[in-house]
Colleague: 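So that we are looking at the same thing, I have put the structure below in structure tokens.
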There are 2 protein chains.
Amino acid sequence: MRLLLVEDDNHVAAAVSAILTRHGFTVVHARSGDEALRALLPSPEKEQDPFGVVLLDLGLPDQDGYEVCGKIRKRTTTPVIMVTARSDVRSRIHGLNLGADDYIVKPYDTGELIARIHAVIRRPGAATGGAAPAETDLHLGAVHIDLPTRTVSVDGTAVSLTRKEFDLLALLAQRPGVVFRREQIISEVWRTSWEGTGRTLEVHVASLRAKLRMPALIETVRGVGYRLVAPA
Amino acid sequence: MRLLLVEDDNHVAAAVSAILTRHGFTVVHARSGDEALRALLPSPEKEQDPFGVVLLDLGLPDQDGYEVCGKIRKRTTTPVIMVTARSDVRSRIHGLNLGADDYIVKPYDTGELIARIHAVIRRPGAATGGAAPAETDLHLGAVHIDLPTRTVSVDGTAVSLTRKEFDLLALLAQRPGVVFRREQIISEVWRTSWEGTGRTLEVHVASLRAKLRMPALIETVRGVGYRLVAPA
DNA sequence: TGCCCTCTTGACGGGGTCCTCACCCATCGG
DNA sequence: CCGATGGGTGAGGACCCCGTCAAGAGGGCA
């Protein structure tokens, strides 16, 4: 699960990040409120998994942490856990009323942090309540892709794809015309930084081209990667 | 919204109850773990609104408060907030890992209590009480699901499902056709972030397929999860 | 207390997916 | 024209994932 860590101190961020990574989270680090908001909002460019939870430090340089929390709540339903050194009750109530799901006071026990994160993300709706209504249907000429149901059809007839095939197609289809580099595709679809020595990627591309019966749809960019040709 | 207050001390209960009532909650008071569990379980006789949240004091006479929390979590998905004088980190982590949604240490500020209650019940999906009138009946071809009474019938004949079976079916039925990931199902139905190694999920799916006499209704999406096939 | 229902776990097996490997072809630079 | 580089292709086998079965733990109810 992806986690957004909002923290201006790089040393603290590195330490916390290490702990969270060890517990299975993919940590994205934002150093300011602006950066956090930009990372949260689904931009047309990068279509990634939505964040499962936000760890928001209130001591930010550019803007008030409470304000950031409010803005996050206005746009998404992603759970927010406030982290701060301010221990007074007033601040806690203020934070919670702004839409925060929990409020932890520094210094905190790392075990408790993990436990509270899990408590927040297991609440019903948290799993589905990612970012704002992202695009779920993609049309590319005759090809129609439905993300939630993981179904693909060409000219109206359904096509059965395997997991890797679908993930690969979905990735490319999010930015038609844009070239994805090989290593980028590997890391997104395979979720591992292992750079294969084999022909794995090519095999899956070939399979996709065959199943979609449109070999020209996926274009090879020699020495770089692949891209989907944008429909006219 | 109805709130279940589990507290053995009558004086404390009266005081807290008054505060909560003033904030718009309908408070039901249970003096022991047994009483709490009996109040929570939906009896076929009295058809009442389900509880929106449980305030669980850990200092109970009859049984361990943690145990009670575990039992509650086993049967319902109602949010639980633990309230106790035990402030050590160990207890907090233990409580949260048992499925509690929050953990407040006595003595607490009443304003913070209210804020934390609101933070817990504000989650989308947690609104079993007064909020959005969610869909209560689901029809999928020959299968009819009634959420409030937790009854399921196929072709008009009733089918007896266990708790987990019903929760699983109800989850999938909420969005026919869309694929639910395994982890998502685990976290929603089991409400615990334990990543099981066993075959638990598959066993329940198999049981459901058999009882509904429609093996094709629940479709396996290899490497991802399951989904209900949308009716034609 | 004893029985039954539910849930969990583990072993086992089958079948679908994925990766590897070898070889082929296309492109590009000299 | 020729070699080097990098992608395309077609098997085959390994691995992974899921379905099934059986056994056991725990709680509920009489």
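In the text below, chain A, chain B and the rest are named by the order of the sequence lines, each starting its count at 1. In this text the structure is predicted, and so the values were computed from the model without any measurement.
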Colleague: Is the backbone of B:S160 close enough, under 3.5 Å, to the side chain of B:K211 for a donor and an acceptor to pair up by distance?
Modeller: yes

Colleague: Say whether, by atom type as modelled, one donor and one acceptor occur between the side chain of B:H29 and the main chain of B:E7 under 3.5 angstrom.
Modeller: yes

Colleague: Can you check the A:R163 CZ to C:dC19 C1' distance for me, whole Å?
Modeller: 14 Å

Colleague: For the pair made of CZ in A:R199 and P in D:dA11, what is the distance, rounded to whole Å?
Modeller: 18 Å

Colleague: Tell me: CG of B:D34 to C1' of D:dG27, nearest whole Å?
Modeller: 13 Å

Colleague: Please report the distance, rounded to the nearest Å, between CZ in B:R73 and P in D:dG27.
Modeller: 18 Å

Colleague: If the threshold is 4.0 Å, N to carboxylate O, is there a salt bridge linking B:D101 and B:R73?
Modeller: yes

Colleague: Less than 4.0 angstrom between a side-chain N/O of B:T220 and OP1 or OP2 of D:dC18, yes or no?
Modeller: no

Colleague: If you compare every side-chain N and O of A:W190 against the phosphate oxygens of C:dC18 (OP1, OP2), does one of them come in below 4.0 Å?
Modeller: no

Colleague: Is any side-chain N or O of A:T162 closer than 4.0 Å to OP1 or OP2 of C:dG16?
Modeller: no

Colleague: Of A:R222 and A:E202, whose closest DNA chain D nucleotide lies nearer the 5' terminus?
Modeller: A:R222

Colleague: Between atom CZ in B:F166 and atom P in C:dC7, what is the gap in whole Å?
Modeller: 13 Å

Colleague: Among D:dG10, C:dT27, C:dT8, which nucleotide has an atom closest to any side-chain atom of A:V203?
Modeller: D:dG10

Colleague: Is any NZ, NE, NH1 or NH2 atom of the basic residue among A:R191 and A:D167 found under 4.0 Å from an Asp or Glu carboxylate oxygen of the other?
Modeller: no

Colleague: Grab the CZ-C1' distance between A:R182 and D:dG8 for me, whole Å please.
Modeller: 11 Å

Colleague: Roughly how many Å is it from CG in B:L201 to P in C:dG10, rounded to a whole number?
Modeller: 16 Å

Colleague: Within the pair A:H204 and C:dT17, is there a side-chain N or O less than 4.0 Å away from OP1 or OP2?
Modeller: no

Colleague: Can you tell me the distance, in whole Å, between the NZ atom of B:K164 and the C1' atom of C:dT8?
Modeller: 11 Å

Colleague: If you measure from the Lys or Arg side-chain nitrogens to the Asp or Glu carboxylate oxygens, is any gap between A:R182 and A:E202 under 4.0 Å?
Modeller: yes

Colleague: Tell me which of A:Y226 and B:V221 sits closer to the 5' end of DNA chain D, going by the nucleotide each one is nearest to.
Modeller: A:Y226

